[in-house]
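Everything on this sheet refers to the single structure shown next.
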2 protein chains.
Amino acid sequence: MEDWDRRLRAHGYRITPQRQLVLSAVYTLRHGTPDEVLAEVQRHASGVNLSTIYRAIEVLEEVGLVTHSHIGHGAPTYHAIDSHTHIHLACDGCGTVESISADIMEPLVRSLRADKGYEVDVSHVAFHGRCRKCVETGNSGKH
Amino acid sequence: MEDWDRRLRAHGYRITPQRQLVLSAVYTLRHGTPDEVLAEVQRHASGVNLSTIYRAIEVLEEVGLVTHSHIGHGAPTYHAIDSHTHIHLACDGCGTVESISADIMEPLVRSLRADKGYEVDVSHVAFHGRCRKCVETGNSGKH
DNA sequence: GTATATGCAAAGGGTTTGCACGGTT
DNA sequence: AACCGTGCAAACCCTTTGCATATAC
């Protein structure tokens, strides 16, 4: 998160307090929905509006400082792009989300590239399923 | 799609024309959002309501006749559960979606099971990224 | 006949947009 | 000074819900 301002400028965007606040909120929360980002930002600057969060996230994502993935079936969660790309294991039984290294994706990414010419966006990957605990207790997460 | 009615009954649900229409619409469209399912159903029965589509899909999913996955960043798409489990490769550049056999997931599923005790819901898997064409033409899909 | 399912309309959550004002360059 | 970015409110899309009626069992 050193050259964040340079990245924005390089794409023709301006440096604003709101954009910096959103970026550091995304860093602080390791995973955050727009709502959660808003709450985190408002701890430091209460006047910031939700629509600003959305617009800031959009810009930060475009310049490559932030990504999102779809954990849970609802709102996307955003996270900072750092050296350690990770993927998410969401449990449909208890709702917990585990982050693991994206290394496990390597063979699959390679074979999709070779077979299909398809480039997987690894940072976007989220698996659904059931965690060990829910598998053992038979918790299906169904109503 | 032979024992669909038995499956419903086994779970205490009734057999209704709407549920049959929704199920066959999901079969016809190989991937369909609720809206698309509604349109397909209404080709045969114009009076059916959107809320009925949602409720029917929910029931069909619970009894194991239908699954969904999150292709695109918007509405989920539903597809019938058949013998050939497949996964989706969505292209963020041109928006196309390719279905491929889920066999490619086998090694990864096995290693998550062994390492983490985590059971991936394979039918739910959708990767985002870029198809061959968009990789070659540099189409990033960004506005 | 009784409980479930449907249609309709209204409410709800999340996200986007138009506009006037304020801040960055 | 010019333009981009923000706050606010309204609009929008997708999905869910309450209720009276219709239907499957």
CD of A/Q20 versus P of C/dG23: gap in Å, rounded? 17 Å
Given atom CD of B/E61 and atom P of D/dT15, what is their separation to the nearest angstrom? 12 Å
Are a donor atom and an acceptor atom from the side chains of B/H44 and B/S24 found within less than 3.5 Å of each other? no
When you measure from the side-chain N and O atoms of B/R19 to the phosphate of C/dA5, is any distance below 4.0 Å, counting only OP1 and OP2? yes
Does any donor atom in the side chain of B/H86 or B/H84 lie under 3.5 Å from an acceptor atom in the other side chain? no
Could you state the CG-P distance from A/L8 to C/dT25, rounded to the nearest angstrom? 10 Å
Tell me whether the OP1 or OP2 atom of D/dG7 has a side-chain N or O from A/Q18 closer than 4.0 Å. yes
Strictly under 6.0 Å, is that where the ring centroids of A/H79 and A/H68 end up? no
For the helix from C/dG1-D/dC25 to C/dT25-D/dA1, what is the angle between the axes at its two ends, each from 5 pairs, rounded to 10°? 40°
Calculate the interatomic distance between A/H11 atom NE2 and C/dT24 atom P; express it in whole Å. 21 Å
Just by distance, with hydrogens left out, do B/H128 and A/D121 show a side-chain donor and acceptor under 3.5 Å apart? no
Which atom pair, heavy atoms only, marks the closest approach of A/V26 to A/A80? CG1-N, 3.3 Å
Within a strict 4.5 Å, meaning less than it, do heavy atoms of the A/H88 and A/H31 side chains meet? yes
Pairs under 3.5 Å (N/O, protein and nucleotides 23-25 of chain D):
unit_1	atom_1	unit_2	atom_2	d
D/dA24	O3'	B/I15	O	3.3
D/dA24	N3	B/R14	NH1	3.0
D/dC25	OP1	B/R9	NH1	3.1
D/dC25	OP1	B/I15	N	3.1

Let me know the distance between OH of A/Y54 and P of C/dG13, rounded to the nearest Å. 13 Å
Scanning both residues in full, the closest heavy-atom pair of B/I53 with B/P34 reads CG2-O, 3.9 Å
A/I100 and A/V135: same hydrophobic cluster, using ILVMFWY side-chain contacts below 4.5 Å? no
Go through residues 30-40 of chain A and report each residue with a non-hydrogen atom lying under 4.0 Å from DNA chain D, sorted by number. none
Side-chain heavy atoms nearer than 4.5 Å, only ILVMFWY residues, links allowed to pass through others: does that put B/L89 and B/V97 together? no
Tell me, which pairs form a salt bridge (charged side-chain N to carboxylate O under 4.0 Å, His left out) where one or both residues lie in residues 34-55 of chain B, sequence neighbours left out? B/E40-B/R43
Using whole Å, what does the distance between atom P of nucleotide C/dT15 and atom NE2 of A/H70 come to? 9 Å
Please work out which of the three classes, parallel, tilted or perpendicular, describes the rings of B/H124 and B/H70, given edges at 30° and 60°. tilted
Determine whether a donor-acceptor pair (N or O, by modelled atom type, separation under 3.5 Å) exists between the side chain of A/Y118 and the backbone of B/G129. yes
Please give me every residue in residues 44-51 of chain A whose heavy atoms get under 4.0 Å of an atom in DNA chain D, ordered by residue number. A/G47, A/V48, A/N49, A/S51
Kindly indicate, with the supporting measurements, whether the criterion side chain to side chain contact (heavy atoms under 4.5 Å, CB included) is fulfilled by A/L65 and A/I81. CA-CA 5 Å; A/L65 290 166; A/I81 292 183; over 6 Å; no
Going by atom type alone, with no hydrogens or angles, which donor-acceptor pairs under 3.5 Å involve a side-chain atom of residues 7-18 of chain B and a protein atom two or more places apart or on another chain?
unit_1	atom_1	unit_2	atom_2	d
B/R7	NE	B/V63	O	3.0
B/Y13	OH	B/E62	OE1	2.8
B/T16	OG1	B/R19	N	3.1

Atom-to-atom span, CD of A/Q42 to P of D/dG7 - whole angstrom: 10 Å
Nearest-Å distance for atom pair CG/P, residues A/D5 and C/dT25: 10 Å
